[in-house]
Amino acid sequence: MALRRPFSSTWKLFRQNEVLGSSLQKFYSSSIATTRDSKFNSITEEDVTFFRSVVGPCNVVTSASALEGFNQDWMHTFQGASGLALRPTSTTQVQEILQHCNQRRLAVVPQGGNTGLVGGSVPVFDEVVLSTSRLDQVLAFDPVGGILTCQAGCVLETLNEYAEERGFVMPLDLGAKGSCHIGGNVSTNAGGLRVIRHGSLHGSVLGLEVVLPDGQLLDLNRPLRKDNTGLPLHHLFIGAEGTLGVVTAVSLLLPTRPSVVNVALLACSSFQTVQEIFMEARRSLGEIISAVEFFDRASLDLALRHLPGVADPLPADSAPFYVLLETQGAHGEHDTEKLHNFLAAIMSEEELDTKLRVVGGTLAQGAQQQQQLWRIREGITEALARAGAVFKYDLSMPVPLMYELVEEMRARLREEEDVSVVGYGHLGDGNLHLNISAPSERQSCTRLRGLIEPFVYEWTSNRGGSISAEHGIGQAKAQYMPLAHTPLALNLMRRIKTLFDPNGIMNPYKLLPRQICNSVGA
């Protein structure tokens, strides 16, 4: 199948990845910009003095050791060189910081929990890091409407604990929930495990408070489920990755806390069976489905090898694929009966063909067993990191095609020694997490990346998929945006960026291809 549009020569302008010698086999992404934009000024001692007067000396970070966590992502893939991180404690302080940076043309990188995987919250050069870690207060909660208003630096898991105490839950759940910030979730339009149940943040976010690059406060934070008064501007900042401004507060619609939760794990003989289980689950379980995940045997083997305390939940029923199914509801007998009927139907000996395809299964008995099953699925990323260097790809596509890419990648890399290709993800929204575990040697990783990219993005684009399902674009995928959008769409994005940020100070070198970014604020 031909590409929908020609590749951009911009791809050749980015350096090859480098491997850092560490226990996690770190390496840089090949998409990092190699040249600092000369339109940005460097930080002076006068700038530091001003920032100290705004946020206080204890919230100005300048020591090299303290800056390490701000300059590097948690996977140790991206490395910046910022000499200054700021930790404002109020929206007013964020306004003063951005106003000064805009006037001085100092580039700024907003940073939340820094849990991303595409380098979106990490400096590329010497940008000022604006951390939201101290904007961590719940501002209001409406128990009747189920609407939570909080600052951007609130940790997702902390917010969920707050909501559960009041009979609600957060509308998203991520593996990084113990560290990620809600402002970063919004800025990347994070998806997670329960999009099939609660939808994306474009549906859950009711309003935002945003500080624009020139320091103006854009208050779009009316916590209303219905507000049909003109263009819904807050949606521009959901998924903008901090390139248009800094999200400082969020209003979210929360689902009610379920009183009944069930988790089952099914072993499947083929990916076709995985799809059939998914379709049958939607027909039979309907409104109580909250998550439908899959992972392959290679993913499970990694978890068993590298995650302490993890055991094979189906030791007698080894299979090439596994489906983790969760239901949530309010009526125990009703939900349990529906789930038991579903499981009985797909495992029934009367249904001989299905019986042959579903190898085995288990239904968790109690919260502890549920957590053990979820630990396997959520721990795959951690297991991959423990195993060595890893190339991570977050893609969306029609569900029937999800594992086809994994198989094609295995065939493509079959001659590479000690390389493992694993696939897992969210069946409910067609989100594949393709991971290639590799040796640590720099030469091996450089050659391997050339075999993976741009093939993986071309393949996905050619089949109508997305090169980023939920992780964002950041540094890692900016040069591949022409595969995701037409020239007209990219030009409109540039014009929107220029409208909000004419000097181009907000999170430069990210999201848009370099040749488009260079035209902003030039």
Side-chain angles (χ1 to χ4, degrees), residues 1-14 29-33 37 116-121 124 186-191 195 199-203 205 231-245 392-398 401-402 405 429-434 452-502 504 506-522:
M1 185 181 296
L3 289 173
R4 290 179 294 176
R5 41 195 166 273
F7 295 115
S8 168
S9 60
T10 308
W11 296 356
K12 301 177 182 178
L13 300 180
F14 296 86
S29 166
S30 62
S31 63
I32 301 175
D37 198 320
L117 294 166
V118 293
S121 60
V124 177
V186 170
S187 295
T188 58
N189 190 24
V195 170
S200 76
L201 285 174
H202 278 288
V205 173
L231 298 177
L233 294 177
H234 69 285
H235 285 286
L236 285 174
F237 298 92
I238 301 173
E241 301 187 30
T243 61
L244 303 181
K392 305 183 73 64
Y393 299 94
D394 160 56
L395 311 158
S396 65
M397 61 195 69
L401 300 179
M402 288 175 72
L405 176 56
D429 47 50
N431 184 181
L432 170 68
H433 294 302
L434 172 70
I452 301 169
E453 300 175 16
F455 171 79
V456 66
Y457 297 126
E458 295 176 22
W459 191 99
T460 302
S461 177
N462 286 344
R463 289 155 180 79
S466 170
I467 65 171
S468 180
E470 61 182 4
H471 292 168
I473 298 298
Q475 303 175 45
K477 301 180 182 181
Q479 78 272 31
Y480 297 113
M481 282 288 274
L483 284 173
H485 295 285
T486 65
L488 176 59
L490 290 172
N491 187 49
L492 286 172
M493 292 183 197
R494 178 193 62 79
R495 291 166 64 182
I496 292 170
K497 166 72 171 172
T498 302
L499 176 65
F500 282 93
D501 184 19
M506 294 304 305
N507 218 7
Y509 321 109
K510 318 279 179 62
L511 191 63
L512 293 175
R514 187 72 189 278
Q515 77 273 31
I516 292 180
C517 289
N518 285 346
S519 65
V520 179

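Given the structure is predicted, the values throughout are model-derived calculations rather than measurements.
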Original post:
What residues form a ring pair (Phe, Tyr, Trp, His ring centres under 6.0 Å) with Tyr457, not counting sequence neighbours?
Top reply: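 Tyr457 satisfies ring pair (Phe, Tyr, Trp, His ring centres under 6.0 Å) with Tyr393, Tyr480 only.
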
Would you name the heavy atoms of [X] and [Y] that are closest together and state the gap between them?
{"X": "Met397", "Y": "Leu401", "result": "SD-O, 3.7 Å"}
{"X": "Ile473", "Y": "Ser468", "result": "CD1-CB, 3.8 Å"}
{"X": "Leu244", "Y": "Phe500", "result": "O-CB, 3.9 Å"}
{"X": "Gly430", "Y": "Met402", "result": "CA-SD, 3.8 Å"}

Any side-chain to backbone donor/acceptor pair from [X] onto [Y]? Under 3.5 Å, distance only.
{"X": "Lys392", "Y": "Val118", "value": "no"}
{"X": "Asn462", "Y": "Glu458", "value": "yes"}
{"X": "Lys477", "Y": "Ile467", "value": "yes"}
{"X": "Glu241", "Y": "Gly120", "value": "no"}

Original post:
Would you say the side chain of Pro482 lies within less than 4.5 Å of the side chain of Leu490, judging by non-hydrogen atoms?
Top reply: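 Yes - at least one pair of side-chain heavy atoms lies under 4.5 Å apart.
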
Original post:
Are the side chains of Ser200 and Asn189 in touch, meaning some heavy atoms are under 4.5 Å apart?
Top reply: yes

Could you measure the distance from the [atom1] atom of [X] to the [atom2] atom of [Y]? Nearest 0.5 Å is fine.
{"X": "Ile452", "Y": "Trp459", "atom1": "CD1", "atom2": "CH2", "answer": "15.0 Å"}
{"X": "Ile496", "Y": "Asp501", "atom1": "CD1", "atom2": "CG", "answer": "13.0 Å"}
{"X": "Lys497", "Y": "Leu511", "atom1": "NZ", "atom2": "CG", "answer": "8.5 Å"}
{"X": "Ser461", "Y": "His485", "atom1": "OG", "atom2": "NE2", "answer": "10.0 Å"}
{"X": "Thr243", "Y": "Lys510", "atom1": "OG1", "atom2": "NZ", "answer": "10.0 Å"}

side-chain hydrogen bond (donor to acceptor under 3.5 Å, both in side chains) with [X]: which residues, sequence neighbours excluded?
{"X": "Ser121", "result": "Asn114"}
{"X": "Glu470", "result": "His426, His433"}
{"X": "Asp394", "result": "Asn431"}

**OP:** Check whether more than 12 heavy atoms from other residues, nucleotides or ligands sit under 6.0 Å from atom CG of Leu499, and answer yes or no.
**Re:**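 Yes.
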
**OP:** Not counting sequence neighbours, which residues clear side-chain contact (heavy atoms from CB on, under 4.5 Å) with Val205? List them please.
**Re:** Val186, Leu201, Leu208, His234, Ile238, Val250, Leu252

**OP:** Name all residues meeting the side-chain contact (heavy atoms from CB on, under 4.5 Å) criterion together with Leu488; count only those two or more places apart in sequence or in a different chain, and write none if there are none.
**Re:** Thr486, Leu492

